[in-house]
Structure formats: C-alpha cells, structure tokens
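Everything on this sheet refers to the single structure shown next.
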Amino acid sequence: LMKPDVLAAAVNVPTVAYESSAIEDYVTNFSGTSFACPLVAGCVALLIQYLQTQNIPYSPGTLKALLMTTARDLGDPVWRQGAGYTNVSAAYEWIKTHPKQYPTLFHPRHLPYEPTDTLFQGQWLNYNLTIVNGIPEPQNFSVTFTGNGSKFLQVPSYILCEDSTRVPIRLKVPANATLGTYTATLT
C-alpha cells in the first residue's frame, strides 16, 4: 500500500486561538496532521457540494481520484508526497471542464524503484499498485505489459475494481537473466 495519497498544509497553519483575552491573540499557528486532515476533509466537502448541485453521481473513489489527479506534483518521491499537494481549485475546474467524466487513477504512476538501482539475478521485489476507480460503479481492467522487462513482472491479468483496489506486483529477475537494462510499461 503506497501512502500518502496526497499532501495538505500541516506546518504553521493559521487558526483561531482559544482562551485569549486580546483580539490580536485570536490567531495563532499550529502544526501536525490534526490540521492537514480537516483541510482535506473540507476539500472533499466542497467537491461533494458541487457534484450534488450539478446532479453528478460520485463515489468515494471519484473524490479520491479527483484529488489525486489534480494534486500539484512537488517533485518528491511518491513515497514522500503521494500524488502531490492537494489542489481543490484544480479539482473543481476539472469537474467544470469534464462534466460527468470520471478520472481513473493508477497509483503510484511509477514503481518506487530508481532506474539507476541494480537488481541482481535471482532477486525479487514486491510492490502494490492502487487502482482508484473514479466511476461510481464497478469497472473491469485487463493488464498487459510491453517492453523487454515485461517478462520479469507478475501481476493479475484481470482486475475488478469497485472503488479502490490494491494490486500486487512482483518484479522478479530470473537467476539466468542476461545482464542489461530492461524496461516495462503497464497498460
């Protein structure tokens, strides 16, 4: 399971102070996930409100896919930033320009493996790919690989995704593999 999905402000977030007697003391800064989570929840509430006013059906997967698809990439590794920094304005604009079209998302977009790293003959690694189905009904996916490294990847060839589904991927280099550089693309 690859987390986080998205990032939100969590350091020095301006908020209303409590137990203060002076008006200038009513605003203070706090940090922590206890501030990031409500910000994302507020983003989701705004998206739900807009989807409902437009009579657009949605699911939890729709909301997750919208936030992840429109997040601002910070250039950090996926294990650190997920899809990026939450951008509710971009999600709102996506809905406006793509009415009743639903994003489907594969996360992470790239396996968290640096291309300069070396896998040795006989070595294997396990990853999890998450498919976020933005369509508010189950969807079937078939998986194929292309590229000279596709023979090293093991993944189910057929996947039923209702909302958000974790798909195990195994990267296994056979003991008798020829030395070289290999690439593979999931479609």
Side-chain angles (χ1 to χ4, degrees), residues 1-11 13-14 33-115 127-147 149-150 153 155-169 183-187:
L1 191 58
M2 183 63 63
K3 295 292 179 183
D5 293 326
V6 292
L7 298 179
V11 178
V13 178
T33 55
S34 55
F35 291 93
C37 292
L39 288 172
V40 175
C43 292
V44 169
L46 290 169
L47 293 175
I48 288 172
Q49 182 181 23
Y50 184 71
L51 288 165
Q52 288 177 340
T53 62
Q54 300 302 308
N55 294 318
I56 299 174
Y58 64 91
S59 69
T62 306
L63 299 166
K64 183 176 181 179
L66 279 169
L67 287 178
M68 292 178 74
T69 300
T70 58
R72 189 178 75 225
D73 187 347
L74 301 175
D76 288 334
V78 69
W79 54 264
R80 188 172 187 182
Q81 73 161 19
Y85 195 82
T86 305
N87 186 344
V88 71
S89 297
Y92 170 77
E93 288 300 321
W94 198 96
I95 297 168
K96 277 180 54 180
T97 57
H98 301 86
K100 298 191 180 181
Q101 294 178 11
Y102 300 95
T104 295
L105 178 68
F106 295 88
H107 180 68
R109 292 182 195 121
H110 305 284
L111 291 180
Y113 187 73
E114 296 297 323
Y127 296 103
N128 289 314
L129 171 72
T130 300
I131 300 175
V132 182
N133 180 13
I135 298 172
E137 58 191 46
Q139 187 170 309
N140 295 312
F141 292 91
S142 59
V143 179
T144 58
F145 290 102
T146 58
S150 61
L153 294 167
V155 65
S157 59
Y158 173 80
I159 301 158
L160 174 63
C161 181
E162 293 190 20
D163 195 53
S164 183
T165 303
R166 182 181 61 87
V167 180
I169 296 177
T183 60
T185 302
L186 171 74
T187 55

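Below, all heavy atoms of this structure are taken into account, side chains as well, without hydrogens, waters or symmetry copies.
Separating the CD atom in Glu93 from the NE2 atom in His98 is a distance of 11.0 Å, to the nearest 0.5 Å. If you take CD1 on Ile131 and CD on Glu162, they are separated by 12.5 Å, rounding to the nearest 0.5 Å. Between the CE atom of Met68 and the OG1 atom of Thr86 there is a distance of 10.0 Å, given to the nearest 0.5 Å. Note that CG of Leu66 and OH of Tyr50 are 11.5 Å apart. Values are rounded to the nearest 0.5 Å. In this structure, CG in Asp73 is found 10.0 Å from CG in Leu7, a value given to the nearest 0.5 Å.
Taking the side chain as every heavy atom from C-beta outward, Asp5 and Leu67 never approach each other to under 4.5 Å. Side chains of Thr165 and Asn133 form no contact here, defined as non-hydrogen atoms less than 4.5 Å apart. When side chains are defined from C-beta on, Ile48 counts as touching Tyr58, because their heavy atoms get closer than 4.5 Å. In this structure, the side chains of Leu47 and Thr62 stay at 4.5 Å or more apart for every pair of heavy atoms.
When atom types are taken as modelled, the side chain of Thr33 and the backbone of Ala36 share no donor-acceptor pair closer than 3.5 angstrom.
Heavy-atom minimum distance, Gln81 versus Pro4: C-CG, 4.0 Å. Closest approach of Gly84 and Ala71 over heavy atoms only: C-CB, 3.7 Å.
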Can you list the steps and then say if Leu63 with Leu51 is a side chain to side chain contact (heavy atoms under 4.5 Å, CB included)?
-> CA-CA 10 Å; Leu63 299 166; Leu51 288 165; 3.8 Å; yes

